[in-house]
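Sequence positions, counted from 1, serve as the residue numbers for this chain. Everything numeric in this text was worked out from a predicted model, so none of it was measured.
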Amino acid sequence: MGKLKRSTAIKTQKKKSSKSKLSVEELLDYAEDFLDQYELEKAFQYAKKALDIDQKSLHALDTMASIQMEMGNVESAKNLYEKLVNLSPDDGFSKYMCLAQLSSGIEAVNFYKKGVELMLVEFNKQSGEKNNPSTSKQDQEDDSNCVTKLDISTAFCSIAELYLTDLCMQEDAENLCKSYLDKSIEYDSTNPETLQLLASYWLSKEDMEQAKKFILDSVENWLPKYLEACESGPMVDPTQAITLSYDSRINTARILTEVEEYDKAVTVLEQLVEEDDEVVYIWYMLGWVNYCKGEDYYSNAKFYLKKAEKMISKIKFEQRYLDDGLKAHVKELLENLVNVASEDEADGDKENLNENDDDAYETDEDEQAQLDQMDSEVSKLTKDSFKTKNDQNNNVDESMEIT
């Protein structure tokens, strides 16, 4: 659910730097700057130096955990968050949210519940302070890390999702799922993640009408913002305008397809391709959606499915969602479409393909080049033939004159 947020367990007052040695906080400033620039090795070195000075620094442990997460060292990150919990169990909720996302089942639920408990304490504290706003610089910085209703709503939604997926066989799982969804809506009725999960909940109960209502409500609360950001120029990252992760939006497209909102599904999938055109599942889904739309879209479907098939044959690493079932379905659909000319075969390359995809279906271009070459050769031969004939005629005329 959503994007993994860096923990903000505890902030300590920065120490003044000395000319001979950087303080823990100064080292961590460098570490966080390098982390923001995604220079992970440099970030790691500065965070390590800070921990060498103070192994129990909450700020240093938190920063190192974030770095380890970015480096893909999940177990190391989890160990660091657990150490933070042991050192400061009742101060700072973010470490619990991170641990929950790194865990599964009941363990994840318990981490989320503890995180929500601390969230609510902080939220109520903030609400009480609203009547006495502070003008100090430190308090203004703290305001940027305030707990919002959306944060609480998303946390409840995450618990609900566990009861809809990993813990769906648990006793009373359905009621617990709905209960946490209701709590999520109570704090933010426009949360796209909650509305989308409600759509999944109703799909699980085979209530297509309710499922369609909630997925359309969800999409309405994020897709227009995303598309607007896309049109704002290359300097704007549209993913920063929304809260849904890449994987969450894949699920959006899947649900839209199930409730037969095909055009909206295509819109979502096309934006996902723009973000990353190397995910086989997205090309497969574009093919499947167009196939579901009916015969008029079979050529489109074949185009996308051929793209997926080509990528599957070349892929050398694991991808999420790419399994034997997907490969078999791609093969089955292409067999059904064997007598259909794909769009690239009928009309040339598809205009809305990613412009950087130089390897995608060059057959038509190659054929055209060959045809142009043949035309050139025929033209040359024709000219040579006319020249030869003219030479022969001239020779005949000369021969007649001599006679």
Side-chain angles (χ1 to χ4, degrees), residues 1-5 97 101 150-151 153-158 160-162 164-165 181 184-185 188-204 211-232 234 236-293 300 304-305 307-308 311 318-323 326 329 352-354 356-357:
M1 297 293 301
K3 302 169 185 174
L4 191 62
K5 296 182 179 179
M97 310 311 287
Q101 294 188 49
L150 177 60
D151 293 330
S153 173
T154 300
F156 279 127
C157 183
S158 297
E161 184 181 31
L162 285 167
L164 190 62
T165 54
L181 283 169
S184 180
I185 287 292
D188 190 339
S189 61
T190 64
N191 185 344
E193 293 191 54
T194 304
L195 294 168
Q196 179 163 304
L197 193 62
L198 274 164
S200 294
Y201 170 83
W202 288 111
L203 273 177
S204 72
K212 178 179 285 194
K213 173 187 179 301
F214 282 108
I215 193 61
L216 291 178
D217 285 349
S218 174
V219 169
E220 186 60 30
N221 277 288
W222 70 265
L223 186 56
K225 298 174 189 175
Y226 182 93
L227 294 175
E228 182 180 352
C230 288
E231 296 172 357
S232 299
V236 177
D237 180 0
T239 63
Q240 298 301 310
I242 59 176
T243 59
L244 271 70
S245 67
Y246 193 91
D247 281 349
S248 291
R249 284 175 282 141
I250 288 177
N251 200 36
T252 304
R254 291 165 67 176
I255 297 171
L256 285 168
T257 304
E258 287 195 56
V259 300
E260 300 182 357
E261 286 288 335
Y262 300 129
D263 290 339
K264 280 188 169 58
V266 168
T267 300
V268 172
L269 290 165
E270 286 177 342
Q271 299 308 318
L272 290 170
V273 167
E274 288 296 320
E275 288 181 38
D276 187 350
D277 63 356
E278 295 184 359
V279 180
V280 176
Y281 188 80
I282 304 302
W283 294 103
Y284 155 74
M285 278 296 297
L286 279 165
W288 175 232
V289 173
N290 277 279
Y291 186 88
C292 291
K293 289 176 76 172
N300 292 9
Y304 290 121
L305 291 166
K307 173 69 176 177
M311 292 179 70
E318 290 186 7
Q319 279 194 11
R320 193 173 180 185
Y321 308 114
L322 179 56
D323 54 23
L326 184 147
H329 198 211
N352 67 345
L353 264 183
N354 189 306
N356 295 325
D357 190 3

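Taken from CD in E193 to CG in D188, the straight-line distance is 10.5 Å, to the nearest 0.5 Å. Between atom CG of residue L326 and atom CE of residue M285 there is a gap of 10.0 Å, rounded to the nearest 0.5 Å. Atom-to-atom distance recorded for L197:CG and S204:OG is 9.0 Å, nearest 0.5 angstrom. The line from CG of D277 to CD1 of I282 is 11.0 Å long, rounded to the nearest 0.5 Å. In this structure, R254 CZ and L203 CG are separated by 11.0 Å, a value rounded to the nearest 0.5 Å. Annotation: the span from L164 atom CG to L181 atom CG amounts to 7.5 Å, rounded to 0.5 Å.
Of all heavy-atom pairs spanning G287 and Y304, the tightest one is N-CB, 3.5 Å. Heavy atoms only, all atoms of each residue included: A241 and A229 are closest at CB-CB, 4.1 Å. Residues M97 and A155 approach most closely at CE-CB, 3.4 Å, considering heavy atoms. Across every non-hydrogen atom of N191 and S184, the tightest pair is ND2-OG, 4.3 Å. Nearest approach of I250 to Y321, heavy atoms of both residues: CD1-CE1, 3.7 Å. Taking every heavy atom of both residues into account, W202 and A211 meet most closely at CB-N, 3.8 Å.
Between the side chains of S245 and D247, no donor-acceptor pair is found at a separation under 3.5 Å.
The pair E275-R249 counts as a salt bridge, with a side-chain nitrogen and a carboxylate oxygen less than 4.0 angstrom apart.
Counted within 6.0 Å of NZ on K212, heavy atoms from surrounding residues, nucleotides or ligands total more than 12; the atom is thus considered enclosed. Shown here is Q319, whose CD atom has more than 12 heavy atoms of other residues, nucleotides or ligands within 6.0 Å.
T252 contributes a side-chain N or O that, together with a main-chain N or O of S248, makes up a donor-acceptor pair within less than 3.5 Å. Remark: the backbone N or O of I185 is not paired with any side-chain donor or acceptor of S189 at under 3.5 angstrom. Remark: side-chain polar atoms of S218 are not paired, donor with acceptor, to backbone N or O of F214 under 3.5 angstrom. Judged by distance alone, the side chain of W283 and the main-chain N or O of M311 form no donor-acceptor pair under 3.5 Å.
Using a 4.5 Å cut-off on side-chain heavy atoms (C-beta onward), L322 and Y281 make no contact. Contact annotation: the side chain of K293 approaches that of N290 to within less than 4.5 Å [non-hydrogen atoms, C-beta and beyond]. L150 has its side chain within reach of T243: a pair of non-hydrogen atoms, C-beta onward, lies under 4.5 Å apart. No side-chain heavy atom of Q196 sits under 4.5 Å from any side-chain heavy atom of V219. Residues V273 and L286 have side chains in contact (heavy-atom distance under 4.5 Å, counting atoms from C-beta outward).
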Inset, instruction - Carefully, step by step, assess S200 and N251 under the rule side-chain contact (heavy atoms from CB on, under 4.5 Å). - result: CA-CA 9 Å; S200 294; N251 200 36; 4.0 Å; yes

Inset, instruction - Evaluate side-chain contact (heavy atoms from CB on, under 4.5 Å) for L216 paired with L256, printing each intermediate quantity in order. - result: CA-CA 8 Å; L216 291 178; L256 285 168; 4.2 Å; yes

Legend entry - Steps toward side-chain contact (heavy atoms from CB on, under 4.5 Å) verdict (W222, V268): CA-CA 11 Å; W222 70 265; V268 172; 4.2 Å; yes

Legend entry - side-chain contact (heavy atoms from CB on, under 4.5 Å) evaluation trace for V266 with D263: CA-CA 5 Å; V266 168; D263 290 339; 5.5 Å; no

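Between Y291 and W288, the ring planes are parallel. Angles under 30° get that label, and only those over 60° would be called perpendicular.
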